[in-house]
Amino acid sequence: MGFEGLYTVEELSFEADQLKAALMLNPDHWLFDVHFQNKPILPGAVQVSILNDLCSKALDRPCRITGITEAKFKVTIDPVKFSRLEADISFQSLADGQSKVKGYFFVLDGGAKAQASSITAHIGTDICFVVPFYNNPGTVRSVIELIQGSGYRVIAVNDGSTDTVSLQEAELAKPSALVSYAKNKGKGYALRQGFKKALELGFSYAVVFDADGQHTLAGAEAMIDKALSLSPEERLRSIIVGSRAKRGADSGGKFANNFSNFWLKVQTGKKLSDTQSGLRLYPLEKISRMKFLGNRYEFETEVLVKSAWNSVKLLEVPVDVIYPQDRVTHFRKGKDFTRISLMNTYLTLGALFYGYPKMLLRKLFKG
């Protein structure tokens with residue numbers, strides 16, 4: 001919510017789409033000094049944020065308010081006079097992974113419970129999936145439908161597919177958004193277009209899920225569970241990587257991964273066991289502020305290194321992957337490995353003159 005320490009949840013229950021909670025406001029929080037000084041009140045906008053936070057706790061995933069139908073504020077909530085809030089929230093499932101919520105906040109006034117406010121809103125998860133595809137006619141539709149069947153919204157990115165079937169299959173899956181352009185520009189470029197669209201739609205996080213069928217929904221949900229275990233502040237500055245038990249379908253893939261792991265440690269001082277895994281959860285706002293050069297597979301190396309330089313945590317969770325015999329892969333061992341090598345040369349020089357000095361200065365000033 002951005003107001004750490006504003007309140008604590010003392011009681012919370014969620015049964016049959018009905019949430020009940022009791023909260024204790026902190027009257028010494030800085031918010032009440034500025035809104036308003038000597039006459040503190042709990043703003044209506046903050047009550048909406050509290051509603052959103054409680055919905056996230058109930059549904060066990062980060063949520064966002066996508067629209068407010070009605071909001072009535074009947075009692076001015078003074079945090080000294082009314083330090084205890086009770087919430088009663090009902091949920092109604094809607095299409096496209098959203099819910100309609102009706103939330104009531106109550107205060108104890110003279111010993112009696114009084115309705116302070118009521119808010120009717122639509123909520124959706126704050127996490128979307130970005131699925132880039134290039135000539136994946138046999139799998140792209142089933143991958144999108146698998147994800148959407150679990151209640152998540154999908155942004156599909158057609159990276160200039162040259163066949164006509166891939167785009168048609170993606171359209172038939174009816175993703176929440178479909179970004180398409182005529183010329184193939186590479187996975188890194190496709191991901192950035194997907195991230196841009198996700199931000200436009202109001203999402204804060206994106207799970208990257210390949211269209212070739214190798215990733216599993218269980219792996220993606222393991223990363224989401226890891227994100228939920230973090231505080232909201234930590235979550236906004238963490239990349240979570242799905243570390244594969246089987247790293248690469250052949251010896252060339254394993255070599256490229258070990259090569260990339262080594263250079264990440266050199267360039268950042270950080271260690272990951274699977275830097276080439278494409279199954280990742282990204283904090284969108286933090287990533288959107290950075291500049292990148294790589295447009296193809298080398299982007300996946302660049303984004304980890306530059307994120308570490310910019311105080312983004314690199315975390316990982318173990319995941320399973322599937323390598324079917326007819327899997328379509330567009331990794332070109334010669335060209336793409338050369339691109340990754342050139343990117344590592346650039347990043348190593350950058351680490352010497354920018355990355356390590358920046359991390360050192362941050363550490364000194366924090367210390």
Side-chain angles (χ1 to χ4, degrees), residues 56 59 61-64 66 96-98 123-134 140 143-159 170 173 175-180 185-212 214-230 232-242 275 277-292 294-295 297 299-304 306-307 310 312-317 319:
S56 297
L59 299 176
R61 62 179 63 174
C63 292
R64 62 192 178 97
T66 59
D96 202 17
Q98 296 200 67
I123 64 165
T125 180
D126 208 16
I127 298 174
C128 70
F129 280 62
V130 172
V131 179
F133 66 94
Y134 173 67
V140 63
V143 165
I144 295 172
E145 290 177 341
L146 172 71
I147 297 166
Q148 293 186 145
S150 296
Y152 291 97
R153 298 177 72 184
V154 173
I155 297 169
V157 184
N158 173 34
D159 185 24
S176 297
L178 176 58
V179 180
S180 186
K185 297 187 177 181
K187 186 179 181 182
Y189 182 87
L191 290 181
R192 294 202 293 276
Q193 299 312 299
F195 295 163
K196 181 180 178 181
K197 175 59 70 172
L199 281 168
E200 289 175 1
L201 294 176
F203 293 101
S204 298
Y205 312 93
V207 173
V208 173
F209 202 94
D210 286 353
D212 61 6
Q214 68 166 299
H215 295 152
T216 66
L217 194 58
E221 289 177 337
M223 295 192 307
I224 293 171
D225 288 344
K226 178 66 175 179
L228 290 170
S229 72
L230 306 174
E233 290 74 18
E234 287 180 304
R235 195 182 306 139
L236 286 168
R237 58 173 189 273
S238 297
I239 291 175
I240 301 173
V241 178
T275 52
S277 172
L279 183 61
R280 300 177 181 182
L281 189 152
Y282 288 99
L284 293 172
E285 186 176 349
K286 195 77 173 176
I287 298 299
S288 69
R289 296 175 185 172
M290 302 179 202
K291 300 293 183 182
F292 300 102
N295 284 330
Y297 288 101
F299 168 79
E300 293 179 312
T301 296
E302 183 183 14
V303 68
L304 292 179
K306 288 187 175 179
S307 294
N310 286 278
V312 175
K313 291 185 178 180
L314 307 181
L315 308 174
E316 58 185 346
V317 296
V319 299

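By the 4.5 Å heavy-atom criterion applied to side chains, Val131 and Ile147 are counted as neighbours. At least one side-chain heavy atom of Val207 sits under 4.5 Å from a side-chain heavy atom of Leu279. Inter-residue side-chain proximity for Ile155 and Leu201 is flagged as met; some heavy-atom pair is nearer than 4.5 Å. Residues Gln193 and Tyr189 meet the side-chain proximity criterion, which asks for heavy atoms closer than 4.5 Å. In this structure, Val303 and Phe292 have side chains that are in contact, with non-hydrogen atoms separated by less than 4.5 Å. You'll find the side chain of Pro132 stays beyond 4.5 Å of the side chain of Asp159, heavy atoms only. Between Leu59 and Ile123 the shortest side-chain heavy-atom distance falls below 4.5 Å. Contact of the Val319 side chain with the Val317 side chain is registered, since non-hydrogen atoms from C-beta on lie closer than 4.5 Å.
Looking at residues two or more places apart in sequence or on another chain, you find no side chain to side chain donor-acceptor pair (under 3.5 Å) involving Thr216. For Tyr282, the ring-ring contact (aromatic ring centres under 6.0 Å, His included) partners two or more places apart in sequence, or in a different chain, are Phe195. Judged as a side chain to side chain donor-acceptor pair (under 3.5 Å), and not counting sequence neighbours, Ser229 has no contacts.
For Glu300 and Lys187, the salt-bridge test passes: some basic side-chain N is under 4.0 Å from an acidic carboxylate O. Of the charged side-chain nitrogens involved, none lies within less than 4.0 Å of a carboxylate oxygen, so that Arg237 and Glu233 do not count as a salt-bridged pair.
In this structure a side-chain-to-backbone donor-acceptor pair under 3.5 Å is present from Asp212 to Gln214. Checked by atom type and distance alone, the side chain of Thr66 never pairs as donor or acceptor with a backbone atom of Gly124 at under 3.5 Å. A donor-acceptor contact shorter than 3.5 Å links the side chain of Thr125 to the backbone of Pro62.
A donor and an acceptor atom, one from each side chain of Arg192 and Asn295, are located under 3.5 Å apart.
Contact record, Arg280 with Thr275: NH2-O, 2.6 Å, taken as the closest heavy-atom pair. Across all non-hydrogen atoms, the minimal contact from Ser150 to Leu217 is OG-CD2, 2.7 Å. Heavy atoms only, all atoms of each residue included: Leu199 and Ser288 are closest at CD1-CB, 3.5 Å. Closest approach of Ile239 and Ile287 over heavy atoms only: CD1-CD1, 4.0 Å. Residues Met223 and Val241 approach most closely at SD-C, 4.0 Å, considering heavy atoms. Scanning both residues, Ser204 and Asp126, for their nearest heavy atoms gives OG-OD2, 2.9 Å.
The cationic group of Arg64 lies under 6.0 Å from the six-membered ring centre of Phe203 and within 45° of the ring axis, placing it in a cation-pi geometry.
Atoms CZ and CD1, from Arg153 and Ile144 in turn, are 14.0 Å apart once rounded to the nearest 0.5 Å. For the atom pair Leu284 CG and Cys128 SG, the distance stands at 6.0 Å (nearest 0.5 Å). In this structure, NZ in Lys291 is found 12.0 Å from CD in Glu302, a value given to the nearest 0.5 Å.
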Discussion item. Evaluate Ile224 against Tyr152 for side-chain contact (heavy atoms from CB on, under 4.5 Å), listing each step before the verdict.
Written reply: CA-CA 12 Å; Ile224 293 171; Tyr152 291 97; 3.4 Å; yes
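Ring geometry for Phe209 against His215 counts as perpendicular: the plane angle is over 60°, on a 0 to 90° scale with 30° as the lower cut.
Taking a 6.0 Å sphere around CD of Glu234, one finds it holds more than 12 heavy atoms contributed by other residues, nucleotides or ligands. Taking a 6.0 Å sphere around NZ of Lys286, one finds it holds more than 12 heavy atoms contributed by other residues, nucleotides or ligands.
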